[in-house]
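Here's the structure we're looking at; comments come further down.
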Amino acid sequence: MKAELAALITEALEKLVTEGVLGAIPDAPPQIDRPKDASHGDLSCNIAMVLAKRAGLPPRDLATRIIDALPDNTLVDTSHIAGPGFLNFFINAGHHTQVVKAILKTGVGFGCCDEGAGRRVQVEFVSANPTGPLHVGHGRGAAIGDSLSRLLEATGWRVHREFYYNDAGQQINNLALSVQARARGKTPYDPDWPKDGYQGSYIEEVARAFAAGETVEAADRVITGTGDIKDLDAIRDFAVACLRREQDQDLRAFQIVFDEYFLESSLYDSGAVENTVAALRAAGHTYDEEEALWLRTTDFGDDKDRVMRKREGGYTYFVPDVAYHHNKWERGFERVINEQGADHHSTITRVRAGLQGLDAGIPEGWPEYVLHQMVTVMRDGAEVKLSKRAGSYVTLRDLIDWVGCDATRYFLVARAPTSQLTFDVDLALARSNENPVYYIQYAHARCASVMRKAAATAGGLTPEAGLNHLSMLSEPETMALAISLGRFPEVVATAAARLEPHDVANYLRELAADLHSFYNAHKILEAAPETASARLALVAATRQVIANGLGLLGVAAPESM
RNA sequence: GCGGAAUUAGCUCAGCUGGAUAGAGCGUCGGUCUACGAAACCGAAGGUCGCAGGUUCGACUCCUGCAUUCCGCGCCA
């Protein structure tokens, strides 16, 4: 609807250009807003104020000229000039309700567009190292990353979901040593417990399984424990498989599916790391100093240069990081979006600097990043800091066990990633209007219930029949609901463009409120037949949009609760 | 000290990339079930948008300082 109006206004501007009132029309399409105040119409435009100076006319005079130049159309009922020069448009009521037809016809596809045109985007998220169960921070990353992926798919992108992990570094070594110590019957309280060892009780389970010779099947590997507690390599392989399986289970419980698990070790095996170093050297961005090899990242906006190869010989972690992202580029992803915790903020400059240093024609702002802030968990009015199994942090599994997958996903994705999140367990558990996820799901179930009732009634009331009587829809609550339904495609497009899934959550809250208001104000099935069928069509359309929206968040849309 | 994020109603948060009288939910107060789902609805009260400048027709939004909170700042990952 916005686009239609923008086109009309552009046409009017073109006419004013030929009349010599304006020099040239602006490059960008006119900005169309939805005013908060209903008396300002359905849509408004600020173009007269924007162009007033260039036209050499007072904004209100220019506004008059624009309105007069507007071509004949069926979209706009009336238009007014208001305030300093706003154009306010009242849209024909029929246009608002026609969206019901479009929704029922398009179904699950309503809200989607082809902005991405099948281009490929990779979304990397979670990327937890296999040293323990996923914690709530990973959960936030999982919820945001998956929802982002769904939004991109809905807007025409081909999405590749990827999970990257370090399967060979010092942290993994600590993991192996911890398991070995547990296998030898030691506890974290013993004096010879490994330094920086992992203390959670899950380590004990791994040790027991290894000793018992169990076979572990994870999403990307299968390993059998040898039981030889002196063989650190065997323990390492087994422990990694165990923790990967643990995380697989967490992700499955959270309804997240990845297309690919990418191993850091593969970058060494394939020679990608060595090739990256060689390329950076060849491009002349490196130098030797104090027996180490440095990358001149300050050439690319970093505040100091970074070591690539340490004095003792190994590479620092950011070298494989650069190799990994070069690999992503070579795989042909036009866009790459990395969803990470904000504590990894400093890697952005380094990775981008490394990629620029390769002189491979990679754009400066590539890859894109979405960073989320910390999550704290509140229960019974106090912060929860410990988990039974993991010890030092609250796990994603804890949250899912406490409040369920739907509420966990909704709460973790409903806030802007940039703001710190307090997860209120008691609120997420509440089965009342305190709880937004149930509020939205209830709206969906309510629609489904009305539809069931209609289908079971002898009168033959169907949403399809209602499509011929949409003109019966007229009351304020009814129109408000129809208008909200019409916003959905804009919400999806904006949320995808800004990489902000929480827009969808907010929209659904508002849509559910509109549905409930409508429902309480007007009888549906007991109205006169034509009105009843039209309202039933509106309800069916609402159910569809709520289902589509919840789908973008990875939250279920129950038929009954 | 440097970099990033945040600061909006008692609480938790939105605010459509600069628009009109700053919005929700919870909580508080007051109403609505012989009713298609009351897990709902309707109404009321509640604000110096952290502070101070600047940019312009117009600032919660952009710029510059300052304050406070969180996160980074390793030849760890």
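Side chains included, hydrogens not; waters and symmetry mates left out as well; all remaining heavy atoms used. Protein chains get the first letters and strands the later ones, always in sequence-line order, with residue 1 at the start of each.
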What contact category does [X] fall into here, base, sugar-phosphate, or nothing, at under 4.0 angstrom with non-hydrogen atoms?
| X | value |
| --- | --- |
| A:Tyr519 | base |
| A:Gln171 | sugar-phosphate |
| A:Ser560 | base |

[N] base to [X] side chain: any donor-acceptor pair below 3.5 Å?
| X | N | result |
| --- | --- | --- |
| A:Glu290 | B:C75 | yes |
| A:Asn46 | B:G19 | yes |
| A:Tyr442 | B:A39 | no |
| A:Ser44 | B:A20 | yes |
| A:Asn88 | B:A20 | yes |
| A:Ser346 | B:G72 | no |

Between [N] and [M], how far is it from one [atom1] atom to the other, in whole Å?
| N | M | atom1 | value |
| --- | --- | --- | --- |
| B:C57 | B:G18 | C1' | 12 Å |
| B:U61 | B:U55 | P | 15 Å |
| B:C33 | B:A39 | C1' | 14 Å |

Watson-Crick or G-U wobble partner of [N], both distances under 3.5 Å:
| N | answer |
| --- | --- |
| B:U64 | B:A52 |
| B:A9 | none |
| B:C33 | none |
| B:C70 | B:G4 |
| B:G46 | none |
| B:A39 | none |
| B:C16 | none |

Would you tell me if any nitrogen or oxygen in the side chain of [X] comes within less than 4.0 Å of OP1 or OP2 on [N]?
| X | N | value |
| --- | --- | --- |
| A:His345 | B:C70 | no |
| A:Lys53 | B:U56 | no |
| A:Lys523 | B:A35 | no |
| A:Lys310 | B:G74 | no |
| A:Arg415 | B:G15 | no |

(message) Tell me whether the ring of A:Phe86 lies stacked over the B:A20 base, given a 5.5 Å limit on centroids and a 30° limit on the plane angle.
(response) yes
(message) I'd like to check, for A:His40, whether its ring lies over the base of B:A20 with centroids under 5.5 Å apart and a plane angle smaller than 30°.
(response) yes
(message) Please classify B:C33 as syn or anti, treating any glycosidic angle within 90° of 0 as syn.
(response)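 Syn conformation here, the glycosidic angle of B:C33 being no more than 90° from 0.
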(request) Answer syn or anti for B:U12, where the cut-off is 90° from 0 on the glycosidic torsion. (result)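 With its glycosidic angle more than 90° from zero, B:U12 counts as anti.
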(message) Looking at A:Asp305 and A:Arg350, is there a salt bridge between them, counting it only when a charged N and a carboxylate O are closer than 4.0 Å?
(response) no
(request) Run the salt-bridge test on A:Asp61 and A:Arg65 with the 4.0 Å N-O cut-off and return the result as yes or no. (result)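 No.
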(message) What I want to check is whether the side chains of A:Glu124 and A:Tyr369 have a donor and an acceptor closer together than 3.5 Å.
(response) no
(request) Would you mind telling me which residue lines up with the more 5' stretch of RNA chain B, A:Cys45 or A:His522, judged by nearest nucleotide? (result) A:Cys45
(request) Identify, between A:His344 and A:Ser419, the residue whose nearest nucleotide on RNA chain B lies closer to the 5' end. (result)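 Nearest nucleotide further toward 5': that of A:Ser419.
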Rounding to an integer number of Å, can you tell me how far [X] [atom1] sits from [N] [atom2]?
| X | N | atom1 | atom2 | value |
| --- | --- | --- | --- | --- |
| A:Leu421 | B:U7 | CG | P | 14 Å |
| A:Tyr438 | B:A39 | OH | P | 14 Å |
| A:Leu461 | B:C36 | CG | C1' | 11 Å |
| A:Asp303 | B:G4 | CG | P | 10 Å |
| A:Gln31 | B:U61 | CD | P | 17 Å |
| A:Leu427 | B:U12 | CG | C1' | 8 Å |
| A:Arg34 | B:U17 | CZ | P | 13 Å |
| A:Asp514 | B:G23 | CG | C1' | 14 Å |

(request) Could you tell me whether the side chain of A:Ile81 reaches within less than 4.5 Å of the side chain of A:Ile66, counting heavy atoms only? (result)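 No; the side chains remain at least 4.5 Å from each other.
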(request) Could you tell me whether the side chain of A:Asp33 reaches within less than 4.5 Å of the side chain of A:Leu43, counting heavy atoms only? (result) no
By nearest atom, which of the nucleotides [options] is closest to the [X] side chain?
| X | options | value |
| --- | --- | --- |
| A:Thr422 | B:A14, B:A40, B:C13 | B:C13 |
| A:Lys304 | B:G72, B:C36, B:G74 | B:G74 |
| A:Asp343 | B:A40, B:C71, B:C70 | B:C71 |
| A:Ala292 | B:G15, B:C75, B:A39 | B:C75 |
| A:Asn166 | B:C36, B:C57, B:A77 | B:A77 |

(message) Please confirm whether the ring centroid of A:Phe163 lies under 6.0 Å from the ring centroid of A:Phe262.
(response) no
(request) Report yes if the distance between the aromatic ring centroids of A:His80 and A:Phe86 is under 6.0 Å, otherwise no. (result)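 No; A:Phe86 has its ring centre 6.0 Å or more from that of A:His80.
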(message) Within the supplied structure, the quantity of interest is the number of heavy atoms (other residues, nucleotides, ligands) at a distance under 6.0 Å from A:Glu115 CD; does it exceed 12?
(response) no
(message) Can you tell me how far apart CZ (A:Phe125) and CD (A:Gln340) are? Round to the nearest 0.5 Å.
(response)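 So the gap between those two atoms works out to 13.0 Å.
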